[in-house]
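One is the number of the first residue; the rest follow in order along the sequence. Just so you know, these numbers come straight off a predicted model, no measurement behind them.
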Amino acid sequence: MKKRMLIIGITMAAAGSEKSFLSFASHAIDYGRYDVDLLLAKREGDFLERIPKEIRVLDMGEMGDIFLLDRKNAYSLILKYGFFKNPVRTLSLFPYILRRLFSTTLEEKTFAAHRIWMCLMEFMPKLEDHYDVALAYWGDRTMFY
């Protein structure tokens with residue numbers, strides 16, 4: 001019986017992580033032993049068509065926007081996917097938002113940003129499927145999913 005593998009990514013933009021993933025997917029996975037799903041935050045990017053046909057591509061839908069979080073869109077995404085969906089649960093973000101806004105050191109700001117990210121991950125829907133292997137190929141953000 002084949003094992004099930006989940007690989008979590010962000011997009012298939014023409015960048016280093018995506019190129020590395022395509023090399024891994026084309027040369028290192030034994031598709032006779034593994035059924036592979038690639039869960040992307042957003043099903044987009046120049047390399048999308050290069051994904052091997054053996055891989056089933058899934059996406060996170062609108063919640064995938066959280067993986068595109070940056071300084072420019074952070075507060076609008078927190079409002080959209082946190083506060084407007086579950087105002088009470090979003091209260092857990094406020095101490096870290098305040099800390100991020102009023103901290104004076106980069107270390108404190110970075111810590112607060114990471115805590116905001118961790119809290120937002122709790123809003124992500126759970127996957128229904130069971131997997132034997134899970135890989136977070138796109139770095140720190142995907143490993144928290």
Side-chain angles (χ1 to χ4, degrees), residues 2-26 28-29 31 34-145:
K2 284 185 175 183
K3 300 255 185 204
R4 301 213 45 224
M5 179 186 296
L6 175 67
I7 302 170
I8 303 166
I10 298 176
T11 69
M12 287 303 296
S17 295
E18 293 80 357
K19 288 178 187 177
S20 177
F21 163 73
L22 289 172
S23 179
F24 171 72
S26 298
I29 299 174
Y31 293 102
Y34 294 96
D35 286 325
V36 181
D37 288 349
L38 172 61
L39 176 63
L40 294 172
K42 293 290 180 185
R43 187 190 296 244
E44 59 187 36
D46 294 338
F47 287 168
L48 196 59
E49 300 302 320
R50 295 185 183 187
I51 298 171
K53 64 178 175 27
E54 296 88 354
I55 296 178
R56 181 173 72 146
V57 180
L58 310 168
D59 68 66
M60 296 177 195
E62 72 173 8
M63 293 300 287
D65 286 345
I66 291 174
F67 281 86
L68 305 175
L69 185 79
D70 62 26
R71 280 185 219 151
K72 295 176 188 169
N73 67 9
Y75 296 107
S76 64
L77 288 178
I78 289 167
L79 285 173
K80 182 177 180 180
Y81 296 113
F83 185 75
F84 293 131
K85 289 192 179 284
N86 192 333
V88 174
R89 195 168 172 193
T90 308
L91 292 175
S92 65
L93 295 171
F94 285 121
Y96 304 113
I97 291 171
L98 293 174
R99 190 169 179 179
R100 173 85 177 129
L101 288 172
F102 298 111
S103 293
T104 56
T105 68
L106 179 60
E107 183 178 89
E108 290 173 342
K109 288 180 181 290
T110 302
F111 173 80
H114 286 291
R115 294 306 304 162
I116 291 168
W117 172 254
M118 293 296 293
C119 290
L120 285 173
M121 289 284 46
E122 294 176 16
F123 292 99
M124 294 300 293
K126 306 296 182 226
L127 288 176
E128 301 284 327
D129 292 336
H130 167 80
Y131 293 93
D132 301 296
V133 178
L135 303 170
Y137 210 89
W138 274 248
D140 61 344
R141 288 190 178 185
T142 57
M143 75 180 167
F144 288 109
Y145 184 82

* Asked: Are the side chains of Tyr31 and Pro52 in touch, meaning some heavy atoms are under 4.5 Å apart?
  -> yes

* To do: State the OH-CD distance between Tyr34 and Glu54, to the nearest 0.5 angstrom.
  => 15.5 Å

* Can you list the residues that meet the side-chain hydrogen bond (donor to acceptor under 3.5 Å, both in side chains) rule with Lys2, with sequence neighbours excluded? -> Asp35

* Measuring from Ser92:OG to Arg115:CZ, what's the distance to the nearest 0.5 Å? -> 9.5 Å

* To do: Under the ring-ring contact (aromatic ring centres under 6.0 Å, His included) rule, collect the residues that match up with Phe24, sequence neighbours excluded.
  => Tyr137

* Would you say the side-chain atoms of Lys109 pair up with the backbone N or O of Ser103, donor to acceptor, closer than 3.5 Å? -> yes

* Quick one: does Glu108's side chain get under 4.5 Å of Phe111's, heavy atoms only? -> no

* Please identify each residue that fulfils side chain to side chain contact (heavy atoms under 4.5 Å, CB included) with Glu62, with sequence neighbours left out. => Tyr81, Lys85

* To do: Give the intermediate values and the outcome of side-chain contact (heavy atoms from CB on, under 4.5 Å) for residues Phe21 and Met12.
  => CA-CA 9 Å; Phe21 163 73; Met12 287 303 296; 4.0 Å; yes

* To do: With sequence neighbours excluded, tell me which residues meet side chain to side chain contact (heavy atoms under 4.5 Å, CB included) with Arg56.
  => Arg4, Asp37, Leu58, Asp129, Tyr131

* Close side-chain approach of Met5 and Ile55, heavy atoms under 4.5 Å -> no

* Asked: Is any side-chain heavy atom of Leu127 less than 4.5 Å from a side-chain heavy atom of Leu39?
  -> yes

* To do: Not counting sequence neighbours, list each pair that qualifies as a salt bridge (charged side-chain N to carboxylate O under 4.0 Å, His left out) and has a residue in residues 38-48.
  => Lys42-Asp65, Arg43-Asp59

* In Å and rounded to the nearest 0.5 Å, what is the CD1 to SG distance from Ile97 to Cys119? -> 9.0 Å

* Results of side-chain hydrogen bond (donor to acceptor under 3.5 Å, both in side chains) for Glu128 - residues two or more places apart only -> none

* Asked: With side chains defined as the heavy atoms from C-beta onward, is the minimum distance between Leu40 and Val57 less than 4.5 Å?
  -> yes

* To do: Using atom types as modelled and distance alone, determine if a side-chain donor or acceptor of Ser20 lies under 3.5 Å from a backbone N or O of Gly16.
  => no

* **Donor-acceptor pair, side chain of Thr11 and main chain of Ala13, under 3.5 angstrom** => yes

* Point-to-point distance, once rounded to the nearest 0.5 Å, from CD1 of Ile8 to CE of Met60 -> 6.0 Å

* **Min side-chain heavy-atom separation Val36-Val133 under 4.5 Å** => no

